[in-house]
Structure formats: structure tokens, C-alpha cells
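In what follows, chains are A, B, ... by sequence order, proteins preceding strands, each numbered from 1.
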Amino acid sequence: MSQAVRVRFAPSPTGYLHIGGVRTALFNWLWARKNGGKFVLRIEDTDQERSTPESVKVILDSMTWLGMTWDEGPGVGGAFGPYTQMERLAIYKEHAERLITSGKAYRCFCTKEELDVQRAALKAKDPKAQFRYPGTCRDRKDTPSLPFVVRFKVPSDGDIRYVDKVFGEVITPNTAQQDFVLLRSDGVPLYNFGCVVDDMTMGITLVARGRDHMVNTPLQIMLYAAFGVAPPDMAHLPMMLAPNGEKLSKRHGAVSVGEYKAQGYSPEAVLNYLVRFGWSHGDQEVFSLGELVDAFNWEACGRGDGKFDAKKFLAIQHEHMKTPRLTPDDVYVARLVPFLEARGLTVDPARVAKVIPMIRERATTFVDAADRLDFVFRDVPVMDDKASQKFLVAANVAHLRVLADVLEKVSSWEEKALEDATNAWLAEKALNIKDVAQPARVALTGRTASPGLFEVVAALGREGALGRLRSAAEIAASR
RNA sequence: GGCCCCAUCGUCUAGCGGUUAGGACACUGGCCUCUCACGUCGGUAACAUGGGUUCAAGUCCCAUUGGGGUCACCA
């Protein structure tokens, strides 16, 4: 009885994939997956000034990285293509002519320049007035051979009402509208027309988009009515703003998917943070993708705008990195290796897998993880000067040497045995672990903060660990 | 300014007439501890204001205030 769900994400390829756009894509994607429906990706490139092929590629790559696969669209095709608007101009033209024929739209020969003059004149008289197309060509009978746009004939009275899946009933009086342009003089459709023709011909059943589009929805519903077609369900999402309440943009920090990828975020964590922005599921904060697909619904979407919180985002990312259920070891390794290699390190994935437990609970991003594991993959650790000067000093030479000697006698090079042997020595000499831990840590890792000392010793292997302790002792002795 | 939308801790939010107003992030005190983390126990912190409706309003209605969106041959 209910038709199969078909939703879409229709970005404009004018730059990067913005984190806010990802959120609207996500809500659509979740709805499709939850209902076994189709998720369509459509490229709205009718703004030829700003659209670029590079941007299309960035968007596709970002969507792929995020795991939001599309069932129809660029690269995968589908029965309702093409999925790029500039390849659909004939379809828009045909639909525009249909509206002209049925008297729902008309050719307007007013030029942009003429209208700009009229607009300026009005503003000059009354700065607060809003210019609206006066309907000059509305009832024009002649058809001069001049360039023209196609305008929609907005009903002069009545109103448009629809029930938004998030905001409930929305009523807008028609008197608030003007005869808007469907098709530019060069035959390229404007947003509202292209959007409606595409959604209609692509069989879209629900349109979910940002609240900044809510003003377009009444116009689009008029168009559906003009075509004699029932409009799809509508759902608007509250806006994600910058911490200061402005529109979220580059100047507020990272806003593109690519930046978060580069910073070592997980795609699941990105989606997890974004979904909780404007949607909730009781007290649950952390979700796997599967859980999201199951739990998502429109009823639990909030209506208030919100502000982006980078710290909470990082916390969600950290949560995903800590939890093997959310980030299995093999996934962890696959994502971490490129970041290690980016540091110029040569790494064996099997070895990476072995040392991940050392940093599971500590690393917040893969960049952070690579940094924390850096010392493992070098012959000589990168030495922090302050750490070296504070701990690799004459007073610690003996401890470092003896520790190396004690460890050397351990037959089984594993954490427990190494720790036991060390503790035995400490007990015998009435020493405290604190007396040797920091100097040893600096010797082994080059830093004052690291995973547990004996995890580190074990991970470095007999030769590596003993060598580092002894050469550090030399450095300390020379001071 | 017109039209539209919104309003619970600093932030994301739970709440769908009766709650000591809950959780998370952030901040913060203690515990744990070889560092850093993790973990754990605790703390500070919110219903914008004014009217109604009701035995009873964070929850319903109205107004005010505040915030946001949008007013193109951009999307």
C-alpha cells in the first residue's frame, strides 16, 4: 500500500562537501536504508558560474568515504537518469512548455536589466520595500522573437499548506509570493523548477533538506499542483550553526568532510555526531551505523537550530576509537597505516595490529594514534628536548643501566614477566617504580607521556628496548 | 521591513499535564595510577518573560522578547 521509499541528496558541486550537507544527506540515507528504499544522488550543477567537475569528484569521494552509498546517480546510473541537471535540459524545456500550454506559466520578455532598474527605483523611494515582479508579461498575447524567461503564474489568492515531517503543518499565503522564474533565457532551470521536475520524474517520495529551503517548499508545491501531481512528503531539518550563532563556515574551523578525514576522524563518528544534532534516541549518544539505521525516525527530530560543538565531536570520535565494537582491529589498522606512512614510517600491518591495544583508550583520532605510536616504528625515538634534559641526567644513569640489565635476564619478553622482574629488583633495592619509570619512559619513547611502561618495553622487543635504555644512559652520563 | 520557523544547563538533548527536571560534552572535586589516558564516585549549571486554560503546567493557548531562515534569469 505505501509506495517504496525513494529519497535523494542533491548537492551543488560548488566547493567541498559541507558538514551541514552531510547531515541532510545522512537523514535521507538513513531513511532509505531503514525502509529498504532507494537513495538517489543528484548533481545540481545549473549554477555554471560556480559548479566545477573537481567539486563533483570531491563530493562523490566524500560520500564514498562516509559510507553513504547511493543506489542511483553518478557512477552507478539508474532508470531515472541522467542524474546531473545540465544533462537534463531537454526535460526541463519540455516541462516548461507543458506549463505554458496549460496556462500555468508564461513567457516573460522583461530583461534582467529592466527589472534591476525597477528594483533600484523602488528601493530608492522606500529602502524597506521589497520588489516583486509586477506581472508585466503575465497576460501578454504577442510573442516577439526576443529572449525570454519562463515564469510561473502564482495564484493571486489562497494559500499553500503542507504537513512537514518535522515541523508539522506549515501555511503560507500565496500573496507572499511573486511570479517566479522557472527557466532562464538560456534554457537552464532555476533551483525550484529543476528540483521539482527532477524529484517528480525521479519518483522521489520524500524530500528532506535544510530549513533554509523551507521558503522554497510552498513554491514547489504549487508546481506539483500545476503538473497535477501529488507532492512528495516534506521534511526540513533545523540548521547547524557556528558556536557564535552565525552560519557555519570556514572561518569557524573545519567544515568540510575532507578536513575531518585528514584530521584522522572516522566516517562513522562523523555521522554519529551529525545525526545526534537535531535527532535523538533517548539517552543514547553513541551509535553504530546499523543501530542508526534501525533507530532513525522523523518523530524524534527536533525543531530548534543548534550550534556546532567541536569538543563534543571529538569526544564522539574518541568513543568510536576506543570501542572495538565500533572500530574493529582490522578497520583500525587499515585506517591508521596511512597516517603512519604519512610520517615517513615504514610499517608492517601485523605489527601495527599488535600495538594498537597500547593506545586504544588514549588516541582520539588516527592522527593522534599515529603520533602516539611513532616511537614504535623508528630505530631511534624522536627525543623531546625538555623531557631529555629533565630525565636523562646523571642521577638516573645507574637506574637506566640496571633496569636494562634486569630486563635482559628475562627469558620471556612479555609485559607480565618484564614487570615482575622489575618489581623484584625494585623490592630488593627498596626502590619505587616512580624512581625509574619516567627516565625509562623518556629513554624508550622520547616523551614523558606514553602507554604503560612495560607495554612499551614489550612492544619494542628485547633489542630495541635494551638498546634505547643503554644509549639513553650514555646521554645521561655525558651530562 | 514582508513571509516562514524556532525557544530546557555554556553546548547537544530527554521530557509528549503531576519528575528531587534525566543523560552526554565541556568545566570541576575525590578515587585509581609508573606518565598520559581510561575507568569510577561526586559537584556547579537550564525550563526567556507576561498572560491565560487546568485541581495541577517545562509540557496546551495567546502575547511579548530574543534568535534564525528567506526575499535573484544562486542553490
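Proximity note for A:F277 (side chain, C-beta onward) versus B:C27, B:C12, B:A37: the nearest is B:C12. For A:R362, the listed nucleotide lying nearest its side chain is B:U35; candidates were B:C4, B:U35, B:G68. Between B:C73, B:C25, B:C6, one nucleotide has an atom nearer to the side chain of A:R303 than all others, and that is B:C6. You'll find that the side chain of A:S280 is closest to B:A14, out of B:C4, B:A14, B:G22.
Between A:E285 and A:R23, the residue anchored closer to the 5' end of RNA chain B is A:R23, taking for each the nucleotide with the nearest heavy atom.
Between A:R184 and A:D186, at least one side-chain nitrogen of the basic residue sits less than 4.0 Å from a carboxylate oxygen of the acidic one, meeting the salt-bridge criterion.
The phosphate of B:A75 (OP1 or OP2) has a side-chain N or O of A:T46 nearer than 4.0 angstrom. Distances shorter than 4.0 Å separate none of the side-chain N or O atoms of A:R441 from OP1 or OP2 on B:C36. Residue A:S450 places none of its side-chain N or O atoms closer than 4.0 Å to OP1 or OP2 of B:C36. Applying the 4.0 Å criterion to OP1 and OP2 of B:C25, one finds that A:R276 has every side-chain N and O outside that range. Taking only side-chain nitrogens and oxygens, A:K307 never comes nearer than 4.0 Å to OP1 or OP2 of B:G67.
Remark: the backbone N or O of A:E94 is not paired with any side-chain donor or acceptor of A:E97 at under 3.5 angstrom. In terms of modelled atom types and a separation under 3.5 Å, the side chain of A:T327 and the main chain of A:H320 share a donor-acceptor contact.
Residue A:F287 contributes atom CZ, which lies 17 Å from atom P of B:G23 at whole-angstrom precision. Note: CE (A:M240) to P (B:U13) measures 11 Å, nearest angstrom. Between A:H281 atom NE2 and B:G15 atom C1' the separation is 16 Å, expressed in whole Å. Distance NZ (A:K125) to P (B:G1): 22 Å, rounded to an integer number of Å. Note: NZ (A:K312) to P (B:G23) measures 13 Å, nearest angstrom.
A:R441 forms no cation-pi arrangement with A:F391, by the criterion of a distance under 6.0 Å to the ring centre and an angle within 45° of the ring axis.
Backbone-only engagement by A:V181 is indicated by non-hydrogen atom pairs under 4.0 Å involving sugar-phosphate atoms exclusively.
In terms of polar N and O atoms assigned as donor or acceptor, the side chain of A:D283 comes within less than 3.5 Å of the base of B:G22 in a complementary pairing.
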